[in-house]
Enquirer: 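Structure provided below as structure tokens; questions to follow.
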Amino acid sequence: MVYLLPVFMLVTAYLIGKLGQKLLGDYEKNPMETCLNGTLIVILIWEALILPAIKLLAPFDAVTRIFCAIHLMLLAVSLVFCAKSISTDFLPQQLITPSPFITACVVFALQVVCFFFLMPDTTGDFTVETVNTTLASNLIYENHPGMGTTFVYGITFRGKLVTLPLLYAFWSKLCGGHAAEVVYRIAPLWCLGLSYMVYSLWANLFFQKAENKEVKKAAFFVGIGLLNICGSFAPDCIFYYQMYCGFRGETFIYSILIPYAVYLCYQIYGNKKMRSCIYLIITILGSLCLTDVQKGCIPILIAIVIASFIAMIYKLGRRMRKR
Amino acid sequence: MMETIQKAFEMAGGSEGLSALFLTGLIALWYSKFNKGTESGYLFWYALAILLVVINPLYYFVVNQYLPELQAHNMMLWLLPTTPVIMYVCVSATSLVKKRIDKVVFGFAMVIILILAGTTSYTGNGHAFIANASYIPQSEYEMITIIEEYRKENQMPNVMLWGDQEIMQYARTYSGNINLLYGKDLWLGSQDTQLHQIYDEETINAYREMEHAPFFLPEIGSTALERGCDILVLTQNDFALSGIEIPKQISDVFVLYSSSSKYLMYVRND
């Protein structure tokens, strides 16, 4: 059951993302972008449920039931109202040619094998303990994850904003698997999949006018996989985080949200897709739920300011050269 | 064999392989950026700007003064465009090679460069195979499963465990129903700076005593009783090294219940 979780996450993210785009009247997004937006919406809904629950000292059980109901409702609404646009996403001509992507898939599989058989870096980390504590006590952030007993000083509000470990607890409860399997296997897989989705958007941008577009995109994906595997021996590098700390909020920030925010900035300033502003705001809000403000939100804001500035200058320069 | 491989990797260079590759990629991107009307110019300027911002002394001052937690991930921020920069340059370079055989050689050369660049700080530390699906080392896993069985047999909703730091480190990753006298943040610290647990002097002393358990058995017994511990786990090797005989019971209350290849388990007998 635990191993079906990625499929569930992918399908729900896609359907919820599709519904969000329908509400915004945005029909141009490709399925990868839909999944990314859907994932961020799911994270924000979870946050919106958890914060009042912490204030009201509500049991974790109650929150998971409400979250499940919201999930089901959104999926049903999405299937009813977006059926037509979903079917157009999966027309045979829309699907990628598989042959150039075989090597990329093999390299992707190699990374997944690493998640399944290598020890992750858990030094000083309390993610699995938080999941176990939440599930055993049925309380949200009331007990010390490392001891299981009540905190002496507790977690600050800034700490309580981070709801990623609780989302893992929800998945663990939903699938009945051991917390370690969900956190150390499924979460890094989810993170890796989403990072590939972001880089597929970058690849579309880079190789849109190139010859043999599909082959080049596939080579790009192979390279990303090789960088993750080969570069992971250097600690404090994003590749190491991707391979050995894929369950941590920081990895989500650096391998998914920042590259996605930079891509969105280009779409806003470079291609004048103003609707992307909404996705950018969702991305910034999502960063608050994944890790501490200083480790997540601030780096994203730095990247956004730089990327926006560069995108504007770049666009201006192109316009001047045309004249 | 493994040592030789490690030494070979260590000899391959400093610890800046990927950074050097990134900077080389940046120069290659500069050369090619206006060539084909693609969006590589945007990538180039973004990567360069973020690099210049992060190495700026003003940025360093602000981060150092007001955002100390960002400092730990500073390197990741400027190295972040590494992936698209390196891969864009690599993929673009393949289009310059025409013959199929040359493309294969070029591909292999790229893989070797990536491996060497990424493994320059390779020490082999921290890369170990997992022993089970709970991601707990086998000797600790054996003992923790015995504790969990004991809890279930005695129909206890929770048990309070106190033991060697290695068993304490993994107990709560296995089950949320095993409570501990202190968390691993006492000796390891925590990555989450928003999590505040202040340990008093008594608890710190208890930790010190447990780490030299054979010499403090009466103290451990009384502290465990006072703090309501149900289970004590001591390391067999500590007794072997200290030359002290393994006790059958501690402070007349904790009796030897079970043992594994590495640990001894004492349970409360009142």
Side-chain angles (χ1 to χ4, degrees), chain A residues 117-119 121 123-126 128-129 132-133 135-136 144 146-149 151-156 158-159 178 180-181 184 199 202 205-206 209-210 216 219-220 223-224 226-227 230-234 236-239 250 254 258 262 266 270 292 294-295 298-299 303 306-307 310-311 314, chain B residues 15 18 36-42 45-46 49-50 53 67 69-70 73 75-77 79-80 83-84 86-88 90-91 94 111 114-115 118-122 126-130 133-135 158 172-173 175-177 179-180 182-185 188-198:
Chain A
F117 296 107
L118 288 182
M119 273 300 278
D121 184 353
T123 322
D125 182 74
F126 277 112
V128 176
E129 285 91 334
N132 277 334
T133 307
L135 293 176
H144 185 288
M147 294 159 73
T149 47
F151 270 114
V152 174
Y153 284 87
I155 305 181
T156 60
R158 225 170 91 185
H178 192 278
E181 276 183 292
Y184 298 145
Y199 285 121
W202 279 81
L205 205 68
F206 294 149
K209 292 169 192 166
K216 283 189 173 166
F220 187 77
I224 287 169
L226 286 175
L227 272 174
C230 304
S232 64
F233 295 110
D236 292 331
C237 208
I238 184 63
F239 313 114
E250 293 94 301
Y254 286 93
I258 292 182
V262 172
Y266 182 78
D292 181 52
Q294 287 194 19
K295 293 177 193 166
I298 302 281
I306 294 171
I310 295 298
Y314 182 67
Chain B
S15 58
L18 281 170
K36 292 167 188 169
T38 60
E39 313 305 330
S40 60
Y42 172 62
W45 289 116
Y46 168 69
I50 205 152
V53 166
L67 307 164
E69 286 171 40
L70 177 59
H73 299 95
M75 187 181 163
M76 267 166 51
L77 188 65
L79 266 179
L80 198 65
T83 313
I86 295 176
M87 285 334 298
Y88 177 75
C90 287
V91 173
T94 50
V111 171
L114 291 182
I115 291 172
T119 52
T120 46
S121 63
Y122 178 74
H127 299 91
F129 285 105
I130 60 158
S134 307
Y135 286 73
N158 292 301
R172 284 194 64 78
T173 61
S175 166
N177 296 315
N179 293 345
L180 307 178
Y182 42 80
K184 66 180 178 185
D185 50 337
L188 283 177
S190 168
Q191 294 212 333
D192 186 353
T193 47
Q194 302 307 310
L195 187 147
H196 294 285
Q197 176 69 33
I198 311 293

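What you see below is based on every heavy atom in this structure, not just the backbone, and it leaves out hydrogens, waters and symmetry mates.
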Enquirer: Are the aromatic ring centres of B/Tyr135 and A/His178 under 6.0 angstrom apart?
Expert: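 Between B/Tyr135 and A/His178, the centre distance exceeds or equals 6.0 Å.
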Enquirer: Just to verify, what does A/Gln294 make a side-chain hydrogen bond (donor to acceptor under 3.5 Å, both in side chains) with, not counting sequence neighbours?
Expert: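 Once residues adjacent in sequence are excluded, A/Gln294 has no partner under the side-chain hydrogen bond (donor to acceptor under 3.5 Å, both in side chains) criterion.
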Enquirer: Which bit of A/Leu135 comes within less than 4.5 Å of chain B, counting heavy atoms only: side chain, backbone, both or neither?
Expert: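 Contact with chain B involves no heavy atom of A/Leu135 at all.
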Enquirer: B/Ser134 versus chain A, heavy atoms under 4.5 Å apart: side chain, backbone, both or neither?
Expert: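 When you check distances to chain A, atoms from both the backbone and side chain of B/Ser134 fall under 4.5 Å.
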Enquirer: Looking at B/Asn177, B/Asp185, B/Leu188, which one has more heavy-atom pairs under 4.5 Å with chain A than the rest?
Expert: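 Winner by heavy-atom pair count: B/Asp185.
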Enquirer: Is a donor on one side and an acceptor on the other found under 3.5 Å between the side chain of A/Asn132 and the backbone of B/Arg172?
Expert: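 Yes; judged by distance alone, with no hydrogens or angles, the pair exists.
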Enquirer: Using the ring of A/Phe126 (Phe, Tyr or Trp, six-membered ring only), decide whether B/Lys184 places NZ or CZ under 6.0 Å from its centre and within 45 degrees of its axis.
Expert: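 Output yes; distance and angle both within limits.
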